[in-house]
Amino acid sequence: MQQLTAAIEKASIAEWIEIYRRPWRLLYLNFAAGVARGLGIAVGFTILGAIVIYIIRELALLNLPVIGKLIAEIVRMVQQEVY
């Protein structure tokens, strides 16, 4: 009996039961987790995008023929879409 009690306490069953008894708390916790996850994705993508843009800019400054052609093609496609 003591082992069962210890196992239940380790598993935090009481906390899970309390969460399911109060559905609004469960909703709040899930909402907060979703907001945190979304914010993390947005910040991570922003940092990763900035790093990629920085690397492309540095490669363009080196005047590499392949990279220069690629960037020129991207600029041409963007200008066609704008006009």
Side-chain angles (χ1 to χ4, degrees):
M1 189 66 157
Q2 290 176 351
Q3 290 177 346
L4 179 62
T5 304
I8 289 174
E9 286 178 5
K10 280 185 181 179
S12 302
I13 299 293
E15 291 176 21
W16 284 105
I17 291 172
E18 188 62 31
I19 287 174
Y20 283 113
R21 282 187 185 165
R22 299 187 328 192
W24 287 107
R25 178 162 166 78
L26 180 63
L27 261 166
Y28 170 73
L29 290 174
N30 284 329
F31 177 76
V35 168
R37 192 173 299 118
L39 185 62
I41 289 170
V43 169
F45 185 74
T46 301
I47 292 171
L48 183 64
I51 291 170
V52 168
I53 289 172
Y54 177 77
I55 291 171
I56 289 174
R57 190 185 78 186
E58 291 299 317
L59 288 174
L61 291 176
L62 292 176
N63 255 347
L64 299 175
V66 175
I67 302 298
K69 288 179 185 177
L70 176 68
I71 292 174
E73 182 67 22
I74 291 171
V75 168
R76 186 187 62 75
M77 289 174 15
V78 169
Q79 286 177 346
Q80 282 180 347
E81 291 295 321
V82 170
Y83 300 114

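Keep in mind it's a predicted model, so treat the numbers as computed, not measured. Numbers for residues simply follow the sequence, beginning at 1. Below, all heavy atoms of this structure are taken into account, side chains as well, without hydrogens, waters or symmetry copies.
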Go through the structure and list residues passing salt bridge (Lys or Arg N to Asp or Glu O under 4.0 Å) with Glu73, not counting sequence neighbours.
Arg76

The reported gap from CD1 in Ile51 to CD1 in Ile55 (rounded to nearest 0.5 angstrom) is 7.0 Å

Residue pairs, two or more places apart or on separate chains, that pass salt bridge (Lys or Arg N to Asp or Glu O under 4.0 Å) and touch residues 40-69:
none

What donor-acceptor contacts under 3.5 angstrom involve side-chain atoms of residues 21-45, with partners at least two apart or in another chain?
unit_1: Asn30; atom_1: ND2; unit_2: Leu26; atom_2: O; d: 3.4

Transitively linked via ILVMFWY side-chain contacts under 4.5 Å: Ile47 with Tyr54?
no

Is there a path from Val52 to Val75 through hydrophobic residues (I, L, V, M, F, W, Y) whose side chains come within less than 4.5 Å of each other?
yes

Which hydrophobic side chains are connected to Leu48, either touching it within the sub-4.5 Å cutoff or through other members that do?
none

Applying salt bridge (Lys or Arg N to Asp or Glu O under 4.0 Å), which residue pairs with at least one partner in residues 59-68 are found, sequence neighbours left out?
none

